[in-house]
Amino acid sequence: MGDIKKIAVFTSGGDSPGMNAAIRSVVRTCAYLKLECVGIYRGYQGMIEGDFKEMNARSVNNIINKGGTILKSARCKEFRTKQGRQLAYDQLKKEKVDAFVVIGGDGSFTGAMLFNKEFDFPVIGIPGTIDNDIFGTTFTLGYDTALNTVVEAIDKIRDTASSHNRLFFVEVMGRDVGHIALNSGVGAGAEEILIPEEDLGLERLLDSLKRSKKSGKSSSIVIVAEGDKTGKNVFELAEYVEEHLPIYDVRVSVLGHMQRGGSPSCYDRVLASRMGVKAVESLLDGKTNFMVGVKDNKLILTPIEKAVKGHTKIDSELIRVSDIMTT
Ligand code: F6P
């Protein structure tokens, strides 16, 4: 505990709302515990280049409500090499940094795990990604905000779909998991939700859309997770349906990177604040190579090598709810 006097914090991988709240919490916890804190810009790339900035309690004023990350983020190929990690280690030593907190996704944690193994350097991860695809936490930072963003966007699309009696295919993010698609689809009342965790095939989609039409629905929304496994992208799906079900006037909307932006929800701000404190206090307790997570609203620590290997299982009860709701 006594040998950690200076902690670095940085963001890595795809940004997500709540990252700034987590940075703020790490910096303020260091200040509270009279530790020095340094921010590293642009993730591992900035670590290799020594792009550091001393941080104090005032450095993180007015950022809790801001999307994105004041420390920027990046993906870094060089850090995947031993030489790159050695350069990063040398920079940290030069800056007299004793440990770091990485806020990011599984790719960022894999780098931290390697770094810890090679240099015996204390690391703690905070799960920051909208995908909610990391084992060891019920929620990742940014997921709740992204769900609300997507539901709001689908509500808007539903306005125009119902005005023109159209069928909309809406593609959402989530990399290779379907949490955003499933939860936002149920929340926005989508008629069909296509997720990578269950490929129900195109015939089932056609049957469901036929049933919707027959039951008197004049417009429909189909949410497609970007990692969906039908083998067709969202534009090809639209074409396929137009071909096989000419009764529909079909359009496509790809939500894209707007899902990553926006002011974080209260839930994400509170979770980020809690995780930042836990990360710093865990380092002081001599804990390393763990990811901070939340389960049943309690903060827990999961070994990073477990966190990077698994995904949070898709909620089968919610899949059942979504099937029933399409009646
Ligand atoms: O991991 C977050 C995420 O937004 C994924 O949902 C998406 O597939 C990916 O990042 C996009 O990556 P990039 O920002 O490099 O285009």
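Numbering of ligands and ligand atoms starts at 1, following listing order.
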Which residue supplies the protein heavy atom nearest to [atom], what is that atom called, and how far is it?
| atom | answer |
| --- | --- |
| atom 4 (O) of ligand 1 | R260 NH1, 2.8 Å |
| atom 8 (O) of ligand 1 | E226 OE2, 2.6 Å |
| atom 16 (O) of ligand 1 | H257 NE2, 3.1 Å |
| atom 15 (O) of ligand 1 | R75 NH1, 2.4 Å |

Q259 and ligand 1 - part of the residue with a heavy-atom distance under 4.0 Å: neither

G105 to ligand 1, any heavy atom closer than 4.0 Å: no

Residue pairs, two or more places apart or on separate chains, that pass ring pair (Phe, Tyr, Trp, His ring centres under 6.0 Å) and touch residues 132-153: F139-Y267

Close-contact set for ligand 1 against M173 heavy atoms, below 4.0 Å: 4 (O), 6 (O)

Distance flag, aromatic centroids of Y44 and F10, threshold under 6.0 Å: yes

Are the side chains of [X] and [Y] in touch, meaning some heavy atoms are under 4.5 Å apart?
| X | Y | answer |
| --- | --- | --- |
| M47 | L92 | yes |
| K213 | L245 | no |
| L284 | L35 | yes |

Transitive ILVMFWY side-chain link L202 to I247, under 4.5 Å: yes

Shortest heavy-atom approach to atom 5 (C) of ligand 1 - which of I180, D176, D106, D131: D131

